[in-house]
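Presented below is the structure to which this report refers.
As the structure is a prediction and not an experimental result, all values here were calculated from the model. By convention in this document, chain letters (A, B, ...) are assigned in the order of the sequence lines, proteins followed by strands, and residues within each chain are numbered from 1.
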Amino acid sequence: MAEKVRVRFAPSPTGLLHLGGARTALFNWLYARHNKGTFILRIEDTDRTRSTEEYIDAITEGMKWLSLDWDEGPHRQTDRFSIYKSYADKLLKEGKAYYCYCSSEELEKRRQEALAQGKSPKYDGRCRNLAEPVSGRIPAIRFIMPQEGETVVDDLIKGKVIFDNAQLDDLIIIRSDGTPTYNFVVVVDDVDMEITHVIRGDDHLNNTPKQIHIYKALGYRIPAFAHLPMILGPDKTRLSKRHGATSVTAYKEMGYLPDAFVNYIVRLGWAHGDQEIFTRDELIEYFSLEDVGKSAAVFNPEKLLWLNSQYIIDSTAERLGDLVMPFLLKQGIIKEGQILDKEWFSRGIRTLKERSRTLVELADSLRYYISEEIEPDPKAKEKFLNERSLPYLIDVKEALKRLDNFIAPEIEKTFMSVVKKHRIKLGEVAQPVRVAMTGKTESAGIFEVIEIVGKEKTLKRLEKAIKIIE
RNA sequence: GGUCCCAUCGUCUAGAGGCCUAGGACGUAGCCCUCUCAAGGCUAAAACACGGGUUCGAAUCCCGUUGGGACCGCCA
């Protein structure tokens, strides 16, 4: 390895950071970290009408949430227009580019006609050999593509891909308004930033031969390419808004842990034997482009949910406590400034870790520990808070009232005495009590719930349930 | 329409010609555990798209078919 690896993630700020972008960023980041190289963030905002500051913030925030830290940037292409201009002038002077006076309306019309006739809608090169400027028109600048021979893209993932140059057309590198276009700036920037490996989605594979010719015209060495397969929605089409949540921010808000999310998307197109769960360090150690698959992957929310639950189980109660706080606030379970006893809070979380798949679910369960009052779910109330369970509830309440050592094992003993007295199964008393305590038919172990809720609130909740029945 | 890419259980994937009676994971079903729900454990159903080659031998190599996807902008 003679040369230091330099890679970049180059999103256009025309939307939030989506799944596919996040994975492209992740693979670039992993490649850089694995090879002790440099990871650069570059904002491709040459399309000024669609790019916004808000989206730039959203993208960097998404990356921060995933802990994908960059070493250089964010560079912004709008800050670099003079660089592109000078390269374009150079090409013009060397006869490798020319002014094109066709209007976008004319171009669009010709394109539609060609398509309608089933022909390839490529530019016919009519301005290529113009002797005189067309007066009254502001020209765009086109790059001259070779029309013969073939271009080979030697891709690290797809292998050798051969393109016929005859299908390439002279592409616009500078618009008539003077702004540069994507296929041009991407090359200039990758050259200027000394990018060694271009790792991006395979929707760019067809652009690559054009870019290779620009590299050549500029007299630069061509970087290595690695085209990542797409991530598709459940209907196997490209992931888009209609597939529901596609931005990383949405997953943050749904209560996913960033490490679980990263673990999920890294396995879309990459594998390391049979291993499913990886620490960040393992990812960096194992990651290799050779292990990236060629075929597109369908996004599967169920598996992400499972991974998230595994990450929750493996997290400490203290960390989960910090993570769940914003959700408790948002779900109205605690108020701003409300202070919870740390030890008590962690105990509660420990009982809920393995039954919460997301932080939203965890917060929701925490409600029955934290809230003063419990509103029983109507169905649960109907099924368990009735005449039949009334005597059990009364006996449990009375027994607990007499209990001083209010800890789970002692609470269990009081339940067993009620069970013995009525010759019933534990479930017959546990379920009504659960509904009284949590409002639901499922929860953490009932003795632990009672211990954590505490004697005072427990008695209140039982009394309330008894009152409901009577 | 043209060009390019891709093809193993429903989904993510392991698989570099014999270790494959095709492995793991999610999901699904059943059982165990059990105060509920989970978690955990065990078990089951579930795939090499199809057709030709090459080879002693093919999920693996080649060709074709079919199917899916991406791109063909003064978007990126």
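In this structure, A59(B) makes no Watson-Crick or G-U wobble pair, since no nucleotide meets both defining distances under 3.5 angstrom. In this structure, A22(B) forms no base pair with any nucleotide, since neither Watson-Crick nor G-U wobble geometry is met with both distances under 3.5 Å. Look at U36(B): it lacks any Watson-Crick or wobble partner with both distances under 3.5 angstrom. Searching all strands for a Watson-Crick or G-U wobble partner of A14(B) with both distances below 3.5 Å returns nothing. Partner assigned to A44(B) is U28(B), using Watson-Crick or G-U wobble distances below 3.5 angstrom. The partner of A49(B) is U65(B), judged by Watson-Crick or G-U wobble contacts that both fall below 3.5 Å.
Other residues, nucleotides and ligands contribute more than 12 heavy atoms inside 6.0 Å of the CZ atom of Arg142(A).
His204(A) comes within 4.0 angstrom of a base, heavy atoms only. Using a 4.0 Å heavy-atom criterion, one finds that Cys100(A) contacts no nucleic acid atom at all. Here Thr181(A) lies in heavy-atom contact (under 4.0 Å) with sugar-phosphate atoms only.
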How does protein reach along nucleotides 30-51 of chain B, written 5' to 3' as B (base within reach of a heavy atom under 4.0 Å), S (only sugar-phosphate), or - (no contact)? -----BBBBSS-----------
Each nucleotide of nucleotides 16-21 of chain B classed B (base within 4.0 Å of a protein heavy atom), S (only sugar-phosphate) or -, in 5' to 3' order, makes ------
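Of the residues in residues 145-152 of chain A, not one places a heavy atom less than 4.0 Å from an atom of RNA chain B.
Side-chain atoms of Thr46(A) and Arg76(A) form no donor-acceptor pair, as typed in the model, at a separation below 3.5 Å.
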List the atom pairs, with distances to 0.1 Å, where a side-chain N or O of residues 159-167 of chain A and a protein N or O form a donor-acceptor pair under 3.5 Å, not counting sequence neighbours.
residue, atom, partner, partner atom, Å
Lys160(A), NZ, Asp154(A), OD2, 3.4
Asp164(A), OD1, Ala166(A), N, 3.2
Asn165(A), OD1, Thr151(A), OG1, 2.5
Asn165(A), ND2, Glu148(A), O, 2.8
Asn165(A), ND2, Gly149(A), O, 3.4

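For the side-chain contact (heavy atoms from CB on, under 4.5 Å) test, residues two or more places apart in sequence or in another chain that qualify with Val191(A) are Val187(A), Tyr215(A), Tyr220(A). For Ser104(A), there are no side-chain contact (heavy atoms from CB on, under 4.5 Å) partners, not counting sequence neighbours. Applying the side-chain contact (heavy atoms from CB on, under 4.5 Å) rule to Leu16(A) yields the partners Tyr55(A), Ala58(A), Ser247(A); only residues at least two apart in sequence or on another chain are considered.
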Report each atom pair, protein N/O against N/O of nucleotides 63-65 of chain B, whose distance is under 3.5 angstrom.
none

Every protein N/O lying under 3.5 Å from an N/O of nucleotides 3-12 of chain B:
residue, atom, partner, partner atom, Å
U3(B), O2', Gln167(A), OE1, 3.1
U3(B), O2', Gln167(A), NE2, 2.8
C5(B), O2', Lys158(A), NZ, 2.8
U11(B), OP1, Lys236(A), NZ, 3.0
C12(B), OP1, Val298(A), N, 2.9
C12(B), O2', Arg267(A), O, 2.9
C12(B), O2, Lys303(A), NZ, 3.4

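No salt bridge links Glu106(A) with Arg126(A); every basic N to acidic carboxylate O contact stays at or beyond 4.0 Å. Contact check on Glu410(A) versus Lys413(A) returns a salt bridge, with a Lys/Arg side-chain nitrogen under 4.0 Å from an Asp/Glu carboxylate oxygen. The pair Lys379(A)-Asp377(A) does not meet the salt-bridge criterion, since no charged nitrogen lies less than 4.0 angstrom from a carboxylate oxygen. Salt-bridge check for Asp45(A) with Arg80(A): failed, with every basic side-chain N at 4.0 Å or more from each acidic carboxylate O. Salt-bridge formation is detected for the pair Glu108(A)/Arg111(A): a Lys NZ or Arg NE/NH1/NH2 atom is positioned less than 4.0 Å from an Asp or Glu carboxylate oxygen.
Judged as a side chain to side chain donor-acceptor pair (under 3.5 Å), the pairs with a partner in residues 437-455 of chain A (not counting sequence neighbours) are, in order, Arg347(A)-Glu451(A), Arg434(A)-Ser443(A). Residue pairs that meet the ring pair (Phe, Tyr, Trp, His ring centres under 6.0 Å) test with at least one member in residues 412-436 of chain A, sequence neighbours left out, are Tyr392(A)-His422(A), Phe415(A)-Phe447(A). Evaluation of the side chain to side chain donor-acceptor pair (under 3.5 Å) test over residues 287-307 of chain A, restricted to residues two or more places apart or in two chains, returns Glu276(A)-Lys303(A).
Closest-nucleotide positions on RNA chain B for Gly273(A) and Asp47(A) were compared, and the one nearer the 5' end corresponds to Gly273(A).
For Phe299(A) and Tyr264(A), the ring centers sit closer than 6.0 Å to each other. Here the two rings, on Tyr251(A) and Phe261(A), have centers that are under 6.0 Å apart. Centroid-to-centroid, the aromatic rings of Phe287(A) and Phe27(A) come within less than 6.0 Å.
Spacing between U8(B) and U3(B) at atom P, rounded to whole Å, works out to 25 Å. A49(B) and G69(B) have their C1' atoms separated by 16 Å, given to the nearest Å.
Contact annotation: Arg111(A) reaches the phosphate of G73(B) (side-chain N/O to OP1 or OP2, under 4.0 Å).
You'll find a donor-acceptor pair under 3.5 Å spanning the side chain of Asn207(A) and the base of A76(B), going by distance alone.
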